[in-house]
2 protein chains.
Amino acid sequence: MVNKENKNTTEERILESARQIFQVKGLQGARMQEIADKAGINKAMLHYYYRSKELLFEAVFEEAANRIFPKIVEFLNTDYPLFEKIERFVDYYLTTLLENKYMPAFVLNELNQNPERLVKLMSDRGIFKQEKFIEQINNAIKDELIIHIDPRQLITNIISMSIFPFAGRPILMGLFKLDEESYYQFIESRKKEVPKFIINAIKVK
Amino acid sequence: MVNKENKNTTEERILESARQIFQVKGLQGARMQEIADKAGINKAMLHYYYRSKELLFEAVFEEAANRIFPKIVEFLNTDYPLFEKIERFVDYYLTTLLENKYMPAFVLNELNQNPERLVKLMSDRGIFKQEKFIEQINNAIKDELIIHIDPRQLITNIISMSIFPFAGRPILMGLFKLDEESYYQFIESRKKEVPKFIINAIKVK
DNA sequence: GTCTATATAACGATAGAC
DNA sequence: GTCTATCGTTATATAGAC
């Protein structure tokens, strides 16, 4: 499912089980025994391949974080016109997260409990270079294509509307009385609704 | 701070300590010893007053959830005109959450790990009655005050932009290189920026 | 009500046979 | 590389004195 190049080695089976357990229960809530059971192997094997719970968790977390963050930057630095960039960005994120619906809550929670992980992520590579996108927004303001707005506020709004519906999935499902299928449809609609909403908010008419 | 009617009894001191520890570390991450230390009493007292860790946690969680959810509904059912209602709602939430910045991540995470708690919250009282607000939105569409939009999508956007900046606080602080003070200022600005953004997005010009 | 001391269980981790 | 058995620690929870 998640991992196409699954070689089905013991090491890979452990990682896949760890993904599923950690993403739902978090670092503290997960049990090594449960991960071993799901992988169909013994608890000792977890330590043979990953030494400790902490290291196994880090493997899972970094993989998840690397699926979210680098693409943000990649997108922000492409050469698409502003409105098209926003449309593509929202569509890409809703699609990705719909296939990994536990990931946002997992990553958000872990970064709240352990903000140092973010520092590590940022220094690992040139993540979070947003200068180009900010410049693009400022140019669009100068050209009177969009209204005057703090680029950081705009970016925050885009990210909020893309990620919150997943982190707050139980709330939305309760609030609007959605089952799995109608929740899926609701997010699908957002792929067009959210860009329309954003562009409406900033476009100079 | 958080609790004005603090009677400073042992029971209340325990609850206050539990609030602080649980909200940062979660149910599994918190240690009863740590809560006892912060309260300045012995570990046995926690069990004397709250029987178990689980029950102590529930006291904290329900208090936090009850500070977030009931006010949502209360607001949605007031008689303010649509735009004014949106302005007041966003302002109220950003103000409240700025004073309880760990709460959104805490509640979101707990509801993801234990969605049954939401069922309990919903059945406890008439929470989540949004019919009136949905009707108000639909009327505004008919009156050509706002563009055609699914009321649920609009509500989701409002909530997303109000709550995500707190649940994703470490990310925003890293992304925009904010310290505590400039983060506070950034949220303060949102009290005006977000309603403006939303009304721009839906207003018929 | 509040404390110290302790029971009891669970968990992460390792040793050592195969 | 994989297993069983077990160690060492830490956690929640309780018993019982004051």
Side-chain angles (χ1 to χ4, degrees), chain A residues 3 5-64 106 109-110 112-114 116-117 120, chain B residues 3 5-64 102 106 109-110 112-114 116-117:
Chain A
N3 192 33
E5 66 276 33
N6 192 327
K7 291 189 257 84
N8 207 32
T9 60
T10 297
E11 188 169 357
E12 178 53 38
R13 291 227 313 286
I14 291 174
L15 197 59
E16 173 58 25
S17 305
R19 257 193 290 266
Q20 295 179 27
I21 305 285
F22 278 133
Q23 293 215 2
V24 174
K25 306 204 170 179
L27 170 55
Q28 311 273 1
R31 296 290 95 111
M32 293 296 265
Q33 185 64 59
E34 201 180 354
I35 294 172
D37 289 348
K38 174 156 280 189
I41 46 91
N42 193 279
K43 214 171 45 166
M45 298 302 288
L46 302 182
H47 292 92
Y48 178 78
Y49 282 105
Y50 292 92
R51 276 245 322 278
S52 72
K53 186 185 187 184
E54 177 72 21
L55 287 173
L56 177 55
F57 178 84
E58 275 174 24
V60 171
F61 176 79
E62 263 160 50
E63 192 190 48
F106 168 71
N109 188 57
E110 188 52 32
N112 269 287
Q113 298 209 15
N114 205 337
E116 307 87 60
R117 291 199 202 279
K120 188 165 177 300
Chain B
N3 190 33
E5 66 277 33
N6 193 326
K7 290 189 253 89
N8 207 32
T9 61
T10 298
E11 187 169 358
E12 178 54 37
R13 290 226 315 285
I14 291 174
L15 197 59
E16 173 57 25
S17 304
R19 256 193 292 266
Q20 295 179 27
I21 306 284
F22 277 134
Q23 293 214 3
V24 174
K25 307 205 169 179
L27 171 55
Q28 311 275 359
R31 295 290 96 112
M32 294 294 267
Q33 185 63 59
E34 201 180 353
I35 295 172
D37 290 347
K38 174 156 281 191
I41 47 89
N42 193 278
K43 217 170 44 166
M45 298 303 289
L46 303 182
H47 292 91
Y48 178 79
Y49 282 106
Y50 293 93
R51 275 245 324 278
S52 70
K53 186 187 187 183
E54 177 72 21
L55 288 174
L56 177 55
F57 178 84
E58 274 174 25
V60 171
F61 176 79
E62 262 160 52
E63 190 191 48
Y102 293 111
F106 169 71
N109 188 58
E110 188 52 31
N112 269 286
Q113 298 208 18
N114 205 337
E116 307 85 63
R117 291 199 202 278

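Chain letters run A, B, ... following the sequence lines, proteins first and then strands; every chain starts at 1.
- In this structure, A:Gln33 places its CD atom 13 Å from C1' of D:dA5, rounding to the nearest Å.
- Residue B:Ala44 has its side chain nearest to D:dA15 when only D:dT12, D:dA15, D:dT2 are considered.
- Ring centroid separation for the pair B:Tyr50 and B:Phe22 does not come in under the 6.0 Å cut-off.
- Rounded to an integer number of Å, the gap from CG of A:Asn42 to P of C:dC18 is 17 Å.
- Set against D:dA13, C:dT2, C:dG12, the side chain of B:Met45 has C:dT2 as its closest nucleotide.
- Salt bridge status for A:Glu58 with A:Arg51: absent, with no side-chain N to carboxylate O gap under 4.0 Å.
- Distances from the side chain of B:His47 to the nucleotides D:dC3, C:dC11, D:dT14 place D:dT14 closest.
- What separates OH of B:Tyr49 from P of C:dT2 is a distance of 4 Å, to the nearest Å.
- Using a cutoff of 4.0 Å between basic side-chain nitrogens and carboxylate oxygens, B:Glu16 and B:Lys38 are not scored as salt-bridged.
- Between B:Thr10 and C:dT2, a side-chain N or O to OP1/OP2 separation shorter than 4.0 Å is present.
- Taking atom NZ of A:Lys25 as the reference point, atom C1' of C:dG12 lies 17 Å away to the nearest angstrom.
- Nucleotide C:dC11 holds its P atom 8 Å from the NZ atom of A:Lys43, rounded to whole Å.
- A donor atom on one side chain and an acceptor atom on the other are not found under 3.5 Å apart for A:Asn8 and A:Glu12.
- Rounding to whole angstrom units, OH of residue A:Tyr50 and P of D:dT2 are separated by 12 Å.
- Set against D:dT12, C:dG1, D:dT4, the side chain of B:Met32 has D:dT12 as its closest nucleotide.
- As judged by a 4.0 angstrom heavy-atom cut-off over every strand, B:Ala30 is placed among residues touching the sugar-phosphate backbone only.
- Here the nucleotide nearest the side chain of A:Lys53, chosen from C:dT4, D:dC3, C:dA13, is C:dA13.
- Rounding to whole angstrom units, CD of residue B:Gln28 and P of D:dT12 are separated by 10 Å.
- Toward the 5' end of DNA chain D, the nearer of the two residues A:Glu11 and B:Glu54, judged by each one's closest nucleotide, is A:Glu11.
- Distance CG (B:Leu46) to P (D:dT14): 12 Å, rounded to an integer number of Å.
- Of the candidate nucleotides C:dC11, D:dA11, D:dC3, C:dC11 has the atom nearest to the side chain of A:Arg31.
- By the 4.0 Å N-to-carboxylate-O rule, A:Arg117 lies close enough to A:Glu54 to be salt-bridged with it.
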